[in-house]
Amino acid sequence: MADNDIPADIRKMSFEEALDELKAIVGKLEQGQGTLDSAIGDYDRGAALKRHCDAKLREAQAKIEKISLSADGSVSSEALDVE
Amino acid sequence: MSDFYPESGPAGGGFAGNAPGNVPEFSVSEISQAVKRTLEGTFERVRVRGEISGFKRAASGHLYMALKDESAVLDAVCWRGTAGRLSIKPEDGMEVIASGRITSYPGRSKYQIVIDSLELAGEGALLKLLEERRRKLAEEGLFAEERKQALPFLPQVIGVVTSPTGAVIRDILHRLADRFPRRVLVWPVLVQGEGAAEQVAAAIRGFNAFPADGGPLPRPDLLIVARGGGSLEDLWAFNEEVVVRAAAESRIPLISAVGHETDTTLIDFAADRRAPTPTAAAEIAVPVRRELLIQTGELERRLLAAASRLVAERQERVEGLGRGLVDPKRLVEEMNQRLDERAERLKGAWTTLLRDWQARLDRLQASLPHPRQFLAVRAEQLAGPAARLDYLRPRLLAERRQEIDGLNRVLESVSYKKVLQRGYAVVRGPEGAITRPEAVTPGLALELEFASGRAAATGGSGQPASASAADPTSAKKPAVRKGKKKSSSDDPQGSLL
């Protein structure tokens with residue numbers, strides 16, 4: 001599923017927030033609370049939260065940069081190679 | 001050494017020491033200036049270790065003191081402009097290392113050191129200073145708990161302030177790669193020596209100055225300030241106020257990881273979190289990616305299971321309810337039947353009611369009590385005591401009987417018949433028991449009573465047989481103890497008793 005299926009409010013969430021809400025939704029569904037409509041809505045949201053979490057976990061990238069300051073005080077970076 | 005020979009040297013040249021006339025001649029000022037130049041040229045920058053004594057702050061703001069050791073004293077001065085920048089406040093007795101130049105004071109024929117910077121010498125002094133500084137900054141509230149910011153659970157970009165070479169940055173990057181690879185911006189700084197503190201502070205402030213979005217580089221959401229282990233002096237930059245303040249003011253949450261576990265520097269108090277080592281800082285900074293993947297996978301599985309179970313349960317309920325729906329025609333028929341049945345029952349109801357009342361009347365009548373019943377009750381009440389009386393009577397009789405038997409046994413035990421059983425006999429005449437021999441007259445009819453029975457006898461004619469052991473009567477006579485007791489004392493046969 002593509003990430004653009006994810007609602008905007010979820011996309012703004014941190015990993016931790018998304019994980020917490022996902023846990024809450026799973027707990028609610030497992031208790032069988034709510035109407036069928038709300039259960040379906042919860043499921044869709046839970047699935048979107050899971051995709052968002054996955055996306056966050058996929059972002060694992062090890063980009064290591066070193067800051068360098070130019071004379072005028074502006075910052076730039078260059079790759080830092082630490083063996 | 002030619003500097004010592006001023007331009008006003010002897011015009012004629014020649015060699016010094018050749019003759020007194022050839023030795024150049026100085027004015028006092030000239031030689032003083034020459035000495036000054038030599039001192040300043042030779043000792044332009046020195047570090048001198050000694051103990052401060054005679055410390056004075058002049059009204060002008062200049063500081064005067066002497067540095068001394070066991071055998072020498074060196075005057076020292078610190079000009080007002082420098083005095084304000086000193087990292088320590090000089091006090092008498094303090095062991096310090098003064099940096100500066102040696103110069104002279106020609107007006108007093110003195111030489112002295114002009115101090116540029118002062119540092120404490122010796123660990124004890126450093127610790128004392130550290131403690132004072134800690135207290136001062138704590139009073140300002142820089143270390144207060146409420147200033148501490150929560151660390152992000154999963155930072156996107158981590159800013160690291162440390163030396164770009166060496167084990168520290170390597171340890172941090174390796175541990176980050178193991179747990180959760182992240183984008184890392186390293187701000188290279190000196191971590192020791194002159195300017196280190198300023199660089200570290202500038203780096204912390206620099207990261208904080210990154211625009212939140214839209215800048216050339218992303219603003220880190222977590223900072224790590226790190227340095228490997230070292231001596232107290234090596235780590236000193238992280239005790240400097242400028243660093244502590246920068247850490248305390250950082251709006252980006254900051255982890256300090258300076259030195260080893262046992263080293264504590266002031267930045268640790270100001271940081272939002274203190275890590276015992278650089279590696280630990282990386283562990284605090286990010287969670288383990290693999291564990292999170294497992295966790296979200298598990299949540300997804302539960303989400304699916306719960307949702308499908310929910311739908312299945314509802315489907316079952318719908319089906320169950322569907323089965324429960326019945327044909328309306330059948331419902332009407334059923335109702336009709338029930339109506340008929342009720343009508344039938346209504347008809348029979350009146351007679352049933354009458355019958356019921358009759359039955360109740362009969363029951364009441366039956367339950368009226370007859371006088372005989374009262375009698376029976378009374379009789380029953382009497383029966384109890386009567387039974388007790390019947391029970392007690394034989395017992396009373398038996399007790400009496402026992403009493404009588406007891407008395408009888410006592411009586412028997414004192415009866416003369418007991419004596420008879422031991423072989424004695426009672427002699428009776430017509431007047432009753434004979435207890436004296438004189439009472440036995442010849443021909444007197446006697447009755448002898450033995451234990452087993454009685455025999456008749458007749459009194460003899462002879463003298464009373466006083467000594468004859470063979471005489472049966474004499475043997476028997478004393479046998480009656482009860483009657484004869486008093487006379488037995490003068491009885492010649494009393495000895496037989």
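FYI, side chains are in, hydrogens and waters are out, and symmetry mates aren't considered; it's all heavy atoms of this structure. Owing to the predicted nature of the structure, the values given are computational and were not obtained by experimental measurement.
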- Query: Is the shortest heavy-atom distance from the side chain of Ile67(A) to the side chain of Phe210(B) under 4.5 Å?
  - Reply: yes

- Message: Measuring only between side-chain heavy atoms, which start at C-beta, is Asp54(A) closer than 4.5 Å to Glu300(B)?
- Response: no

- Query: Hey, does Thr296(B) have a side-chain heavy atom less than 4.5 Å from the side chain of Leu19(A)?
  - Reply: yes

- Task: Look at the side chain of Arg183(B) and the backbone N and O of Ile64(A), then say whether any donor-acceptor pair between them is shorter than 3.5 Å.
- Result: no

- Side-chain contact, heavy-atom cut-off 4.5 Å: Lys23(A) with Gln295(B)? yes

- Evaluate the side-chain proximity of Tyr43(A) to Leu310(B): yes if any heavy-atom separation is below 4.5 Å, no if none is. no

- Message: Taking side chain as everything from C-beta outward and backbone as N, CA, C, O, which of these in Ser68(A) sits under 4.5 Å from a heavy atom of chain B? Side chain, backbone, both or neither.
- Response: neither

- Which bit of Ser77(A) is near chain B, if near means a heavy-atom gap under 4.5 Å: side chain, backbone, both or neither? both

- Message: Looking at every heavy atom in both Glu16(A) and Phe153(B), which two are closest together, and how far apart are they?
- Response: OE1-CB, 2.9 Å

- Note on the structure: Hits for side chain to side chain contact (heavy atoms under 4.5 Å, CB included) against Arg274(B), two or more places apart or cross-chain, chain-then-number order -> Ser256(B), Thr264(B), Asp268(B)

- Side chain from CB out, backbone as N, CA, C, O: work out which of these in Lys66(A) comes under 4.5 Å of a heavy atom of chain B, or both, or neither. both

- Please, which pairs that meet side-chain hydrogen bond (donor to acceptor under 3.5 Å, both in side chains) have at least one residue in residues 208-229 of chain B, sequence neighbours excluded? Gln192(B)-Arg227(B), Asn208(B)-Ser250(B)

- Lys/Arg-Asp/Glu bridge criterion (N-O < 4.0 Å) met for Arg309(B), Glu30(A): no

- Query: Under a 4.5 Å heavy-atom cut-off, does chain B meet the side chain of Ile40(A), its backbone, both or neither?
  - Reply: neither

